[in-house]
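All chains are named by letter (A, B, ...) in the order of the sequence lines, taking the proteins before the strands, and each is independently numbered beginning at 1.
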2 protein chains.
Amino acid sequence: MESQDLRKVGLKVTHPRVRILGILEESGGKHLTAEDIYRELLAHEDDIGLATVYRVLTQFETAGLVLKHNFEGGQAVYELDRGHHHDHMVDLDTGKVIEFTSEEIERLQREIADRHGYVIEEHSLVLYVRPKRKR
Amino acid sequence: MESQDLRKVGLKVTHPRVRILGILEESGGKHLTAEDIYRELLAHEDDIGLATVYRVLTQFETAGLVLKHNFEGGQAVYELDRGHHHDHMVDLDTGKVIEFTSEEIERLQREIADRHGYVIEEHSLVLYVRPKRKR
DNA sequence: ATTCTTGCAAACGTTTTGCATTAAT
DNA sequence: ATTAATGCAAAACGTTTGCAAGAAT
């Protein structure tokens with residue numbers, strides 16, 4: 001029951017919030033823009049404004065329910081935070097987003113930050129890739 | 001002589017282009033926004049429009065003279081491309097940008113992309129950090 | 001003389017906000 | 001009843017564009 005997730009983070013259980021959370025859950029881990037979600041709502045005759053979609057997504061981000069990414073300059077994309085940290089690879093030809101993790105890279109990052117007298121608060125690693133030529 | 005750099009990449013040597021290139025060179029590797037450059041121009045009574053700054057920066061990027069980064073959602077920042085690839089660390093308290101390189105991380109990235117059947121075209125690695133507590 | 005570049009103002013796409021109304025507790 | 005959330009339209013933000021005027025070759 002999504003209502004519990006919302007209560008847990010101190011947000012009132014409203015129709016827009018439940019629906020948006022639901023759409024993110026059903027998206028199968030896809031990365032959605034605010035507009036994607038807005039259109040999905042319209043398609044189901046939910047009368048929810050685009051401004052509300054943005055407001056709710058921002059609240060979800062603050063609450064730690066979703067992650068926001070600014071891939072290529074355009075729109076931000078959102079995904080449910082399922083707790084497993086991962087980085088992203090974007091296929092430049094198809095726009096497909098592939099998730100990956102590398103404990104090795106994470107370790108090196110911490111090491112580098114440490115060497116400069118810092119602690120990592122957050123990081124963003126995105127590889128923009130193209131399919132390797134078959135041979 | 002910056003004029004040569006411009007000619008070399010097929011751009012007419014105009015006042016705005018020379019000045020903007022000059023500002024980037026004098027910036028000591030700092031990352032500047034289009035507005036930063038625009039204000040710097042105004043301060044020196046150069047009557048160059050903000051639109052021109054954007055146009056010139058885009059041309060410079062296309063020509064491979066500058067690199068453009070989209071750190072946190074806000075404005076894009078530009079820096080001269082001095083040919084040495086590097087990644088960035090952003091001090092969240094001061095906004096200071098520190099450059100670093102790690103051949104080890106680069107190698108791991110290529111390895112991961114390869115494992116998924118891809119070749120890296122480009123990548124973006126940014127660490128958002130805070131000073132380590134003194135003890 | 002020709003071609004490219006500029007300045008300005010207006011347009012753009014994404015995201016945020018003010019405010020009166022409505023819904024959740 | 002109280003407090004917070006919503007819809008809408010308007011504003012904000014960074015950036016891009018159309019076009020007539022000006023500068024570089």
Just the rounded figure in Å: distance from P of D:dG14 to OH of B:Y54. 7 Å
So which atom in B:A34 and which in B:V53 form the shortest heavy-atom distance, rounded to 0.1 Å? O-CG1, 3.6 Å
CD of B:Q75 versus P of C:dT15: gap in Å, rounded? 16 Å
For residues 52-63 of chain B, the salt bridge (charged side-chain N to carboxylate O under 4.0 Å, His left out) pairs (sequence neighbours left out) are none
Any chance you could list the contact pattern along nucleotides 17-25 of chain C? Use B for base contacts, S for sugar-phosphate-only contacts and - for none, protein heavy atoms under 4.0 Å, 5' to 3'. BB-----BS
B:H86 ring center within less than 6.0 Å of B:H88 ring center: yes
Measure OH/A:Y38 against P/D:dT6 and give the value in whole Å, please. 15 Å
Is there a donor in the side chain of A:H123 and an acceptor in the side chain of A:D87, or the other way round, less than 3.5 Å apart? yes
To the nearest angstrom, how far is B:L50 atom CG from C:dT6 atom P? 13 Å
What is the distance, to the nearest angstrom, from the CG atom on A:L21 to the C1' atom on D:dA5? 16 Å
When the distance from CD of B:E35 to C1' of D:dT15 is rounded to whole Å, what number comes out? 10 Å
Taking NZ in A:K132 as the centre, count heavy atoms belonging to other residues, nucleotides or ligands within less than 6.0 Å. Is the count above 12? yes
Please state whether the rings of A:F71 and A:H31 are parallel, tilted or perpendicular, taking 30° and 60° as the class boundaries. tilted
Using a heavy-atom cut-off of under 4.0 Å over every strand shown, decide if A:A34 touches base, sugar-phosphate, or nothing. nothing
Quick one: B:R17 CZ to D:dA24 P, roughly how many Å, whole number? 11 Å
Rounded to the nearest angstrom, tell me the gap between atom CD1 in B:I48 and atom C1' in D:dA21. 17 Å
DNA chain D: 5'-proximal contact among B:T33 and A:Q59 (nearest heavy atom): A:Q59
